[in-house]
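The chains referred to below are lettered A, B, ... by the order of the sequence lines, with proteins before strands, and numbering in each begins at 1.
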Amino acid sequence: MATQTILEVRDLTVELATRDGISPVIDGLSFEVGAGETLALVGESGCGKSMTALAVMGLVPHPIGRIAGGEIRFGSEDLVAVGEDRLRDIRGNDISMIFQEPMTSLNPVYSVGEQIAEVLRRHQGLNHKQARQHAVELLHAVGIPDAAARVSTYPHQMSGGQRQRVMIAMALACKPKILIADEPTTALDVTVQAQIFDLLRVLQRETGTAIVLITHDMGAVCELAERMMVMYAGRKVEEGTVDDVIANPRHPYTQGLISCVPHVTDDPSAERAPLVEISGIVPALRDFGADQCLFAARCRQVVARCAAERPVSNDFGSGHRVACWQAEVAS
Amino acid sequence: MQRVGYAAILLFAVLVLNFALMHLAPGDIADTIAGDMGGADAEVMAEIRRSYGLDLPVWEQLIKYLGGVLHFDLGYSFYFNMPVVTLLLERVPATLLLVVAAQILAISVGVLLGVIAARQPNGMASHVVTLIALFGFSAPVFWTGIMLLITFSLWVPIFPVAGMQDVTIDGNWFERMLDVGRHLVLPVITLASVFLALYSRLCRASMLEVLGSDYIRTARAKGLSTREVVVKHALKNALNPVVTLAGLQFSAVVSGAVLVETVFSWPGLGTLALQSIIARDTPTILGILFFSALVVVVANLLTDLVLRMIDPRIRSSDS
Ligand SMILES: Nc1ncnc2c1ncn2[C@@H]1O[C@H](COP(=O)(O)OP(=O)(O)OP(=O)(O)O)[C@@H](O)[C@H]1O
Ligand SMILES: [Mg+2]
């Protein structure tokens, strides 16, 4: 890879203690993020995308969840092993995160300016006045009109899109190396979605921040990301450049996922192939750890081996990796 | 401003209602005086009633009473032989001191316990809070008072158990303050125990809810310290229901004070109320009721003010 790797996740396993026992929500997951790149993370609801993000942030819900194994290498450190104090210095400073729910992700009792300034005081050692001043600049940078006046408004006085802009300003305040955006536009309407994606792209160019974009929106994946990773039931099933994966998906799950959405490059006037859906449902959390392909029950290309052995990940060239016993046959 | 208007109307209604209630109750001052004299005939009774203005039509008495209130005149206590206002002003500071100190203690300790318990919902602190709450809910205030009174008068006599001041102490203002403070300890603990239980339970529940909310996750994701997350981001949001409840409980605290004052011979309105009810001293009783209403109304206004300070959504909802 041309770019330098800044985050390297190795065999990460996160366990959740539920009523049915302990299950691995994230099961032996490995991936890398290169400096300044955008990696898209896709997969059905409940496959562990948010949990992956929280694990990187060191925010796995306590006490029901815990990181049971693996490494998260960031620079020279392993984030699984460093203490909470060090994690606090990294969070919001070197790695930051924005969430799906802009309506509830800001604290209702503090002004948006204060909520941005707080990060600057915490990590950059700015005093009150400097932090406030910088907050105005950041609000301006994320496209809030009349930023100097808006800095003292409260979240409830803003629209969803504006609140997400504030979240972005907050997350990028310290020019982090990595920004994890967990479905940043799901709760917003379509025109605002496009604006937020544009904003992320512009800011990424300015700050050189790598973005891990968690999304269901294949259009956004094609537009924003260079590489993508497909997850299913806590495991990585396919990974590669967006061009490779979209043009030539090798895992039956990825194939289903991509054919689910009308192709972005399609001519809208042309006759469309009927949309195919993936039949069946995601396995329950308690079945996550099984030593088999967890997609087997829904797969049209299933063979005996799928139910007996856990598929290993194979490289099909230029970092296109697929975990499927039938991957060669399928292509 | 609108709220102040409501408050005035409310106070007026309270005055009229109080007055009506006292006149509906059988017996008046004449009966008491007659009783003290060992019986009197009808003519003497009528004479007494006339001299106290009790022979006038009820509505005329009411208008006289209301007119007086506007001039800070709550009538004359026949039993204590002084204007009701003078009588009240003598007793009000003691009661206010007790009530306010008890509320402050109950709120601060209640919130502290609630926060500690919410941090570890299944931890030791949580069980302790549940236990205290259970005790506070089930033990009547006079029982707690009597238990403390017995404990501290018989076994560990470190705090005075009766009165508000030691008359033998003749020091400067600081020494006298200290003395009042020592007398205050037991009554305040007794009165606060009930409300402390209430506030700690509510604060625990409210904190638990807030700690699970999205903006707390955001605060953590910013790399803030645990203290900043819990105190700055969570507690300020969790306080809203506690402040609201504390405001609503003010009347309960005042009536609780009546019992506590009696147990510890605290020279406040509670002991005065007891004496004047036994003596059927209508003007004094009305004065005390009016004052209680005043406390509640002022408390509600203050609650409103505090809520506005905490929560910007309330501030902008009516502007
Ligand atoms: N706090 C929690 N308590 C119990 N189960 C949880 C918790 N958080 C996540 N889970 C479970 O972990 C699994 C993975 O959840 P996660 O939020 O990572 O999914 P996701 O891929 O982000 O889904 P979505 O697209 O809906 O956001 C789900 O089955 C979910 O029910
Ligand atoms: Mg999610």
| request: Verify, without hydrogens or angle tests, whether B:Thr218 (side chain) and A:Ser105 (backbone) share a donor-acceptor contact under 3.5 angstrom. | output: yes
| Given a strict heavy-atom distance threshold of 4.5 Å, which part of A:Val109 is in contact with chain B: side chain, backbone, both, or neither? | both
| remark: Of all heavy-atom pairs linking B:Arg220 and A:Arg91, the shortest is O-CD, 3.2 Å
| Considering only heavy atoms, which portion of A:Leu59 lies under 4.5 Å from any heavy atom of chain B: side chain, backbone, both, or neither? | side chain
| note | The reported gap from OH in A:Tyr110 to CG in B:Asn237 (rounded to nearest 0.5 angstrom) is 8.0 Å
| Pairs of heavy atoms under 4.5 Å with chain B: top-ranked of A:Glu84, A:Glu101, A:His123, A:Gln157 | A:His123
| field | Residue B:Ile216 versus chain A: region with a heavy atom under 4.5 Å | value | neither
| Below 4.5 Å, heavy atoms only, C-beta onward: do A:Asn107 and B:Lys236 meet side chain to side chain? | no
| Between B:Ile310, B:Leu224, B:Asp311, the one whose heavy-atom pairs under 4.5 Å with chain A are most numerous | B:Leu224
| Does B:Arg313 use its side chain to pair, donor to acceptor, with the backbone of A:Pro108 at less than 3.5 Å? | no
| Which region of A:Met103, side chain (C-beta onward) or backbone (N, CA, C, O), has a non-hydrogen atom less than 4.5 Å from a non-hydrogen atom of chain B, or is it both or neither? | neither
| task | Give, for atom NZ of B:Lys222 and atom CZ of A:Arg122, the distance between the pair rounded to the nearest 0.5 Å. | result | 12.0 Å
| said: Between A:Gln115 and chain B, with a heavy-atom cut-off of 4.5 Å, which part of the residue counts as in contact: side chain, backbone, both or neither? | reply: both
| message | Does this structure show an ion pair linking B:Glu228 with A:Arg121, if we count only N-O contacts that are shorter than 4.0 Å? | response | no
